[in-house]
> 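Okay, here's the structure, questions in a sec.
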Amino acid sequence: MIELYLANLARRLRGPAAWRSRLLAEARDHLLEAIDRYEAAGMSHEDAEAQALRRFGEARVVARAANRSLGLWGWCAGAIEPWTKEAAMVPRVLGAAFALTSVYYLAWYAAHPGATGSLLAALVVIGSGVSLVLQGRPAQPRAVWFHGVYPSAPQGWLIVVLLLGLTVGAFIGVDSNAHSVSDTLGTFVPLLSVIAAIAGKLVYGLGEPAARAAS
Amino acid sequence: MKPEQLKGHLDGLLLAIVEAGPAHGYAILEALWQKSGGVFDLPEGTIYPALHRLERAGYLESGWSEAAGRQRRVYTLTPAGRAALAQARTDWEQFARGVGTVLAPGAA
């Protein structure tokens with residue numbers, strides 16, 4: 001019963017892994033001590049467990065108090081933690097943002113029907129955005145080079161370095177041929193969306209499977 | 001007393017309990033229960049986020065110790081915590097005096 005409760009609590013906690021682990025360890029110690037006390041007072045083990053859990057509070061209530069105590073910092077920490085709900089939101093939010101930039105390119109194309117480059121840019125950001133939004137985590141990756149968004153193998157680090165190099169190279173290449181800041185951004189954003197979509201495919205496709213990461 | 005009535009006072013109460021000496025979560029809660037005569041009936045699990053918050057604020061420090069074959073986190077009051085507790089006591093005295101004065105029969 002205690003383990004089920006702690007698993008339920010663990011599922012609801014956000015924030016840094018070290019903090020969650022510490023809170024769960026304290027909860028376990030608290031519950032075990034409470035059970036010992038109730039048993040010493042004459043309760044059966046089952047009644048002692050039930051009483052300890054009742055007094056500790058519903059997992060939902062305890063988790064809410066714990067998550068709130070972290071504030072914005074906790075949310076941000078959760079967003080860069082592997083496999084939290086917040087981390088899963090990052091590619092979706094990023095994808096939606098890229099897809100939204102298509103409005104700019106489509107508006108430009110509507111005003112300048114000859115500017116087929118704008119139409120192409122709109123299609124590119126929409127495609128990349130949708131790819132990121134729909135990005136899932138495979139149950140059986142072909143390799144395990146990432147843990148969440150963090151490289152966990154030399155190959156993972158190599159991919160990160162190559163993607164960063166590609167991003168910087170693309171920006172420099174675009175900027176050197178652009179005539180203004182908006183010209184630079186207008187060309188760079190579609191390229192960035194493609195790099196982000198590739199990064200999503202690689203990081204999640206070559207990442208740790210969900211079941212192992214959650215344990 | 002309902003948990004929401006403790007809001008704003010729980011930090012001071014926890015600091016006051018730990019002032020007596022290093023203690024782990026269960027012992028802190030037990031002392032709070034005994035000293036208050038069972039008045040503070042809050043979900044026990046919610047004191048841990050409060051203890052962590054006080055530690056992040058620098059009012060408490062903690063470390064793992066082993067007891068009865070189990071790992072437990074023991075909290076100790078810091079000098080900053082002692083100062084915060086003194087301030088909490090001052091604030092509470094002013095608050096209680098003000099409320100007491102207004103609530104006293106015939107005060108209105």
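By convention in this document, chain letters (A, B, ...) are assigned in the order of the sequence lines, proteins followed by strands, and residues within each chain are numbered from 1.
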> Tell me whether the count of non-hydrogen atoms from other residues, nucleotides or ligands lying under 6.0 Å of OH in A/Tyr105 goes above 12.
yes
> Would you mind telling me which of A/Arg55, A/Arg37, A/Glu58 has the largest number of heavy-atom pairs within less than 4.5 Å of chain B?
A/Arg55
> Does the side chain of B/Arg97 pick up a donor-acceptor pair with the side chain of B/Gln94 at under 3.5 Å?
no
> So does A/Phe98 get a backbone contact from the side chain of A/Ser102, meaning a donor-acceptor N/O pair under 3.5 Å?
no
> Under a 4.5 Å heavy-atom cut-off, does chain B meet the side chain of A/Ala63, its backbone, both or neither?
neither
> Compute whether any side-chain donor of one residue and acceptor of the other, for A/Tyr38 and A/His45, lie under 3.5 angstrom apart.
no
> For A/Asp36, is there an ion pair with B/Arg70 - N to carboxylate O distance below 4.0 angstrom?
yes
> Report which part of A/Leu9 has an atom under 4.5 Å of a heavy atom belonging to chain B: side chain, backbone, both, or neither.
neither
> Does any heavy atom of chain A fall under 4.5 Å from the side chain of B/Leu51, the backbone, both, or neither of them?
neither
> For A/Ala27, is it the side chain, the backbone, both or neither that has a heavy atom under 4.5 Å from a heavy atom of chain B?
neither
> Output the option from B/Pro49, B/Ala67, B/Gly25 having the highest count of non-hydrogen pairs under 4.5 Å with chain A.
B/Pro49
